[in-house]
Amino acid sequence: MSDFILAVEKVEIADVGSSPNVDLGKTKGGVVFRQNAAQEVEIDNDQDVEPEAIITTKLRREMEINLSDCKLDNLALAFNGTVVGSVLSLPTTVSAGTTKAVKLTTKTIGGVYYEVLLPKARIRPEGEITVNNDGNAVVRLLLVNLAHTTGPTITRVSS
(Lines give C-alpha, C1' and ligand atoms only; values in the text may rest on other atoms or scores of the structure.)
Protein backbone atom coordinates (compact mmCIF):
# COMPACT_ATOMS: atom_id res chain seq x y z
CA MET A 1 0.00 0.00 0.00
CA SER A 2 1.26 3.46 -0.84
CA ASP A 3 1.60 6.30 1.63
CA PHE A 4 0.66 9.81 0.61
CA ILE A 5 1.48 13.16 2.16
CA LEU A 6 -1.18 15.60 1.01
CA ALA A 7 -1.45 18.49 3.43
CA VAL A 8 -0.24 20.18 6.58
CA GLU A 9 -2.26 19.45 9.73
CA LYS A 10 -0.26 21.74 12.01
CA VAL A 11 3.12 23.31 12.69
CA GLU A 12 4.20 23.57 16.31
CA ILE A 13 7.13 25.16 18.11
CA ALA A 14 8.62 25.07 21.60
CA ASP A 15 11.81 25.93 23.39
CA VAL A 16 14.74 23.71 22.44
CA GLY A 17 14.79 20.60 24.61
CA SER A 18 11.03 20.36 24.93
CA SER A 19 8.36 18.82 22.73
CA PRO A 20 6.78 21.32 20.30
CA ASN A 21 3.24 22.11 21.49
CA VAL A 22 2.51 25.74 20.50
CA ASP A 23 0.43 25.60 17.30
CA LEU A 24 1.32 28.37 14.82
CA GLY A 25 -2.11 28.17 13.17
CA LYS A 26 -3.20 27.59 9.60
CA THR A 27 -0.82 27.57 6.67
CA LYS A 28 -1.32 28.84 3.14
CA GLY A 29 0.86 27.23 0.53
CA GLY A 30 2.07 24.79 3.16
CA VAL A 31 5.57 24.02 4.33
CA VAL A 32 8.74 23.13 2.45
CA PHE A 33 11.35 20.89 4.10
CA ARG A 34 14.56 20.56 2.13
CA GLN A 35 18.02 19.09 2.54
CA ASN A 36 20.87 20.58 0.51
CA ALA A 37 24.51 19.67 0.25
CA ALA A 38 25.81 22.90 1.70
CA GLN A 39 29.47 22.10 1.17
CA GLU A 40 31.16 19.71 -1.22
CA VAL A 41 34.77 19.05 -2.17
CA GLU A 42 35.58 17.75 -5.63
CA ILE A 43 38.56 15.45 -6.05
CA ASP A 44 39.99 16.15 -9.50
CA ASN A 45 42.20 14.12 -11.79
CA ASP A 46 44.17 15.89 -14.50
CA GLN A 47 43.44 12.97 -16.88
CA ASP A 48 39.65 13.47 -16.84
CA VAL A 49 37.29 16.40 -17.21
CA GLU A 50 34.93 14.99 -14.56
CA PRO A 51 35.86 14.78 -10.89
CA GLU A 52 37.02 11.43 -9.49
CA ALA A 53 34.79 11.85 -6.46
CA ILE A 54 32.63 14.41 -4.75
CA ILE A 55 32.75 14.44 -0.96
CA THR A 56 29.92 16.09 0.94
CA THR A 57 31.24 17.65 4.13
CA LYS A 58 28.11 19.47 5.37
CA LEU A 59 24.38 19.23 4.88
CA ARG A 60 21.93 22.07 5.31
CA ARG A 61 18.39 21.24 6.36
CA GLU A 62 15.85 24.01 6.02
CA MET A 63 12.16 24.53 6.52
CA GLU A 64 10.06 27.26 4.95
CA ILE A 65 6.67 27.81 6.59
CA ASN A 66 3.91 29.87 4.98
CA LEU A 67 1.48 30.84 7.73
CA SER A 68 -1.91 32.38 7.07
CA ASP A 69 -2.41 33.13 10.78
CA CYS A 70 -1.06 36.67 11.13
CA LYS A 71 -1.29 36.86 14.92
CA LEU A 72 1.32 39.11 16.49
CA ASP A 73 3.23 36.15 17.97
CA ASN A 74 3.76 34.74 14.46
CA LEU A 75 4.86 38.14 13.17
CA ALA A 76 7.28 38.38 16.10
CA LEU A 77 8.82 35.05 15.06
CA ALA A 78 9.15 36.20 11.45
CA PHE A 79 10.74 39.55 12.28
CA ASN A 80 12.41 38.68 15.60
CA GLY A 81 10.28 41.29 17.36
CA THR A 82 8.72 41.68 20.78
CA VAL A 83 4.99 41.78 21.47
CA VAL A 84 3.68 44.01 24.25
CA GLY A 85 -0.11 44.17 24.34
CA SER A 86 -1.28 44.88 20.80
CA VAL A 87 2.02 46.27 19.50
CA LEU A 88 4.85 44.39 17.79
CA SER A 89 8.16 46.23 18.15
CA LEU A 90 10.91 45.32 15.71
CA PRO A 91 14.52 45.27 16.89
CA THR A 92 16.76 48.28 16.27
CA THR A 93 19.92 46.16 16.09
CA VAL A 94 20.92 43.12 14.06
CA SER A 95 19.99 39.87 15.74
CA ALA A 96 20.76 36.20 15.26
CA GLY A 97 17.11 35.18 15.13
CA THR A 98 15.18 32.86 17.42
CA THR A 99 16.06 29.24 18.17
CA LYS A 100 13.18 26.79 18.66
CA ALA A 101 12.22 23.13 18.32
CA VAL A 102 9.80 22.78 15.38
CA LYS A 103 7.44 19.97 14.39
CA LEU A 104 5.40 19.64 11.19
CA THR A 105 2.49 17.17 11.32
CA THR A 106 0.72 16.13 8.12
CA LYS A 107 -2.96 15.28 7.76
CA THR A 108 -3.94 11.66 8.31
CA ILE A 109 -4.55 9.78 5.06
CA GLY A 110 -5.51 6.10 5.23
CA GLY A 111 -4.64 5.95 8.92
CA VAL A 112 -1.09 7.27 8.39
CA TYR A 113 0.46 10.67 9.03
CA TYR A 114 4.01 11.98 9.18
CA GLU A 115 5.88 14.17 11.65
CA VAL A 116 8.98 16.12 10.67
CA LEU A 117 10.89 17.23 13.79
CA LEU A 118 13.73 19.73 13.90
CA PRO A 119 14.93 19.57 17.53
CA LYS A 120 16.91 22.81 17.21
CA ALA A 121 16.21 25.26 14.42
CA ARG A 122 17.09 28.91 13.96
CA ILE A 123 14.25 31.07 12.70
CA ARG A 124 16.16 33.44 10.49
CA PRO A 125 15.43 37.14 11.13
CA GLU A 126 14.52 37.74 7.50
CA GLY A 127 10.89 36.71 7.32
CA GLU A 128 8.34 38.39 5.14
CA ILE A 129 4.62 39.06 5.06
CA THR A 130 2.91 39.08 1.70
CA VAL A 131 -0.23 41.20 1.62
CA ASN A 132 -2.19 40.84 -1.61
CA ASN A 133 -5.61 41.39 -3.14
CA ASP A 134 -6.23 37.69 -3.85
CA GLY A 135 -6.77 36.53 -0.27
CA ASN A 136 -5.33 36.68 3.17
CA ALA A 137 -1.73 37.65 3.87
CA VAL A 138 1.00 35.04 4.23
CA VAL A 139 3.73 35.17 6.88
CA ARG A 140 6.86 33.39 5.70
CA LEU A 141 9.20 31.89 8.27
CA LEU A 142 12.62 30.63 7.15
CA LEU A 143 14.32 28.08 9.39
CA VAL A 144 17.74 26.44 9.35
CA ASN A 145 18.39 23.33 11.42
CA LEU A 146 21.26 23.63 13.91
CA ALA A 147 23.52 20.94 15.36
CA HIS A 148 21.95 19.18 18.34
CA THR A 149 22.39 15.97 20.30
CA THR A 150 19.74 14.44 18.04
CA GLY A 151 19.27 15.10 14.36
CA PRO A 152 16.04 15.86 12.52
CA THR A 153 13.59 13.00 12.16
CA ILE A 154 10.74 12.09 9.85
CA THR A 155 8.40 9.69 11.61
CA ARG A 156 5.63 7.66 9.97
CA VAL A 157 2.80 7.29 12.48
CA SER A 158 -0.06 4.80 12.12
CA SER A 159 -3.20 5.93 13.88
>> Let's go through Asn21 and Glu12 carefully: what are the C-alpha distance in whole Å and the side-chain angles of both, what is the deciding distance for side chain to side chain donor-acceptor pair (under 3.5 Å) to 0.1 Å, and is it a yes or a no?
In response: CA-CA 5 Å; Asn21 61 359; Glu12 300 167 291; over 6 Å; no

Using a 4.5 Å cut-off on heavy atoms from C-beta on, say whether the side chain of [Y] contacts that of [X].
X	Y	value
Thr155	Leu117	no
Glu42	Ile54	yes
Tyr114	Leu104	no
Leu146	His148	no
Met63	Val31	yes
Thr57	Val41	yes
Arg34	Glu64	yes
Leu118	Lys120	no

> Does the side chain to side chain contact (heavy atoms under 4.5 Å, CB included) test come out yes or no for Asp73 and Val83, once each step is laid out?
Replying inline: CA-CA 7 Å; Asp73 288 341; Val83 177; 3.9 Å; yes

In Å and rounded to the nearest 0.5 Å, what is the [atom1] to [atom2] distance from [X] to [Y]?
X	Y	atom1	atom2	value
Thr92	Leu90	OG1	CG	10.0 Å
Arg140	Leu67	CZ	CG	12.0 Å
Phe79	Leu141	CZ	CG	9.0 Å
Ile13	Ile123	CD1	CD1	5.5 Å

> Do Val157 and Val116 share a hydrophobic cluster, counting only Ile, Leu, Val, Met, Phe, Trp and Tyr and linking them when any side-chain heavy atoms are less than 4.5 Å apart?
Replying inline: no

> Any ion pair linking Glu40 and Lys58 (charged N to carboxylate O, less than 4.0 Å)?
Replying inline: no

> Which of these passes side chain to side chain contact (heavy atoms under 4.5 Å, CB included) with Lys28: Val8, Asp69, Asn136, Thr130?
Replying inline: Asn136

>> Heavy-atom count check: over 12 atoms from other residues, nucleotides or ligands less than 6.0 Å from Lys26 NZ?
In response: no

>> One pair to check against side chain to side chain contact (heavy atoms under 4.5 Å, CB included): Asn145 and Leu59. What are the steps and the verdict?
In response: CA-CA 10 Å; Asn145 193 64; Leu59 290 174; over 6 Å; no

>> Would the distance check show the side chain of Asn74 and the main-chain N or O of Leu24 forming a donor-acceptor pair, the cut-off being under 3.5 Å?
In response: yes

>> Applying side chain to side chain contact (heavy atoms under 4.5 Å, CB included) to Val102 and Val11, what does each step give before you reach the verdict?
In response: CA-CA 7 Å; Val102 181; Val11 179; 4.2 Å; yes

